[in-house]
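Below: one structure, written as structure tokens.
Just so we're clear, the structure is a prediction, and the values are computed from it rather than from any experiment. Atoms within each ligand, like the ligands themselves, are counted from 1 in listed order.
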Amino acid sequence: MANYSLSAIKPGVEMSTRSFSRSIPHPVTLLSVSDGVNENIATMSWVAAVSRKPPLLMVSVSPKRYSHDLMLRAGEFAIIVLTDARKNLATLAGTHSGKESNKWDMEEFKNLKQQAKQVKAPVLKHCGVVLECRLVNHVPSGDHTIMIGEVIHASGKSETPPLILSDHKYFKLGSFLEKYP
Ligand SMILES: Cc1cc2nc3c(=O)[nH]c(=O)nc-3n(C[C@H](O)[C@H](O)[C@H](O)COP(=O)(O)O)c2cc1C
């Protein structure tokens, strides 16, 4: 398997500003939403923590996604931070839309489906950390909407490394260097 080549990053060489996001490593997560009638699951990488007290995270969702309006209707959602072994789920949920069919009916999701603790959206067992959120704000931001969720339940500390997206490629987290001060 090819290693990530640092020589590919050439200091000072100009790159397209449109593809700046490729240069920022992101976690690979699944966004699960249900308004009680409709449910959906979709891959989201533009996810970050934004506050500790209260515990807030953001996920940047394009209005083109089926998930977008469903989130606004549901007022809640769950984020599943995928482990490296689950990259096939990221590709599945990120290349099909809930506009066409219910991805939760696919074997890959159905077999791992379980009830969340605090939200209506189903979650996945054995796939990584699950963060259940109440939607507290949403801010249009360019061609995406920043959805801000308060984490109301967190579970599943993962023993396997999280899956990372960088330059449109999946990676597993590398080796431990030192503890953050
Ligand atoms: C690795 C990966 C990361 C993605 N990250 C995002 C993201 O952060 N925001 C977004 O709106 N779409 C993102 N997408 C695209 C959506 O997952 C994709 O359009 C999906 O089909 C939307 O499903 P939906 O229409 O059922 O909501 C990503 C896709 C992949 C494969």
Side-chain angles (χ1 to χ4, degrees), residues 1-2 4 16-50 56-110 112-113 116 119-124 127-133 135 137-149 151 158 160-174:
M1 194 189 298
Y4 188 63
S16 155
T17 53
R18 280 199 59 193
S19 51
F20 84 94
S21 67
R22 297 173 66 142
S23 64
I24 302 174
H26 291 95
V28 181
T29 78
L30 295 176
L31 162 72
S32 175
V33 197
S34 169
D35 64 359
V37 180
N38 299 296
E39 60 186 11
N40 193 45
I41 186 158
T43 308
M44 297 286 147
S45 268
W46 292 3
V47 175
V50 291
L56 302 178
L57 61 74
M58 57 132 273
V59 48
S60 191
V61 184
S62 162
K64 292 181 187 157
R65 316 293 180 234
Y66 177 66
S67 307
H68 185 276
D69 289 3
L70 188 57
M71 279 178 101
L72 297 178
R73 281 203 301 278
E76 55 178 40
F77 60 93
I79 291 287
I80 301 150
V81 185
L82 287 180
T83 60
D84 60 24
R86 301 295 188 179
K87 65 178 184 333
N88 62 319
L89 299 183
T91 299
L92 262 187
T95 54
H96 296 79
S97 177
K99 289 175 196 159
E100 287 131 33
S101 61
N102 185 353
K103 287 174 257 184
W104 277 109
D105 290 339
M106 291 177 173
E107 287 299 311
E108 290 84 348
F109 294 113
K110 207 159 56 178
L112 297 166
K113 189 176 187 178
V119 297
K120 291 186 283 296
V123 292
L124 294 167
C127 288
V129 171
V130 177
L131 304 171
E132 298 178 34
C133 302
L135 183 69
N137 205 351
H138 61 98
V139 184
S141 182
D143 57 7
H144 280 58
T145 302
I146 300 175
M147 305 283 192
I148 300 176
V151 181
S158 163
T160 46
L163 184 62
I164 305 293
L165 187 73
S166 180
D167 197 21
H168 280 197
K169 301 176 195 87
Y170 296 130
F171 292 89
K172 68 174 169 187
L173 198 68

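Taking CH2 of W104 as the reference point, atom CG of L124 lies at 4.0 Å (rounded to 0.5 Å). Atom-to-atom distance recorded for M147:CE and S60:OG is 9.0 Å, nearest 0.5 angstrom.
There is no side-chain donor-acceptor pair under 3.5 Å between S166 and H26.
Under a 4.0 angstrom heavy-atom cut-off, K64 registers as lying outside contact with ligand 1. Residue K99 places no heavy atom under 4.0 Å from ligand 1.
Proximity to S62 (heavy-atom distance under 4.0 Å) selects the following atoms of ligand 1: 11 (O). Near N40, meaning under 4.0 Å from any of its heavy atoms, are these atoms of ligand 1: 24 (P), 26 (O), 27 (O). Counting the atoms of ligand 1 from 1 in the order shown, those under 4.0 Å from a heavy atom of V61 are 11 (O). For ligand 1 and S60, the ligand atoms under 4.0 Å from any heavy atom of the residue are 7 (C), 8 (O), 9 (N), 10 (C), 11 (O).
Summary of contacts: the protein heavy atom closest to atom 17 (O) of ligand 1 is T43 O, 2.7 Å. Scanning the protein for heavy atoms near atom 31 (C) of ligand 1, the closest one is G94 CA, 3.9 Å. Nearest non-hydrogen protein atom to atom 8 (O) of ligand 1 is W46 N, 2.9 Å. Looking from atom 3 (C) of ligand 1 to the surrounding protein, the closest heavy atom is S45 OG, 3.6 Å.
When each of L30, T29, I164 is checked for a side-chain contact (heavy atoms from CB on, under 4.5 Å) with L82, only L30 meets the rule.
Checked against a 3.5 angstrom limit, the closest N/O atoms of Y66 and ligand 1 fall inside it.
Proximity of a side-chain donor or acceptor of H68 to a complementary backbone N or O of K64 within less than 3.5 Å is not detected.
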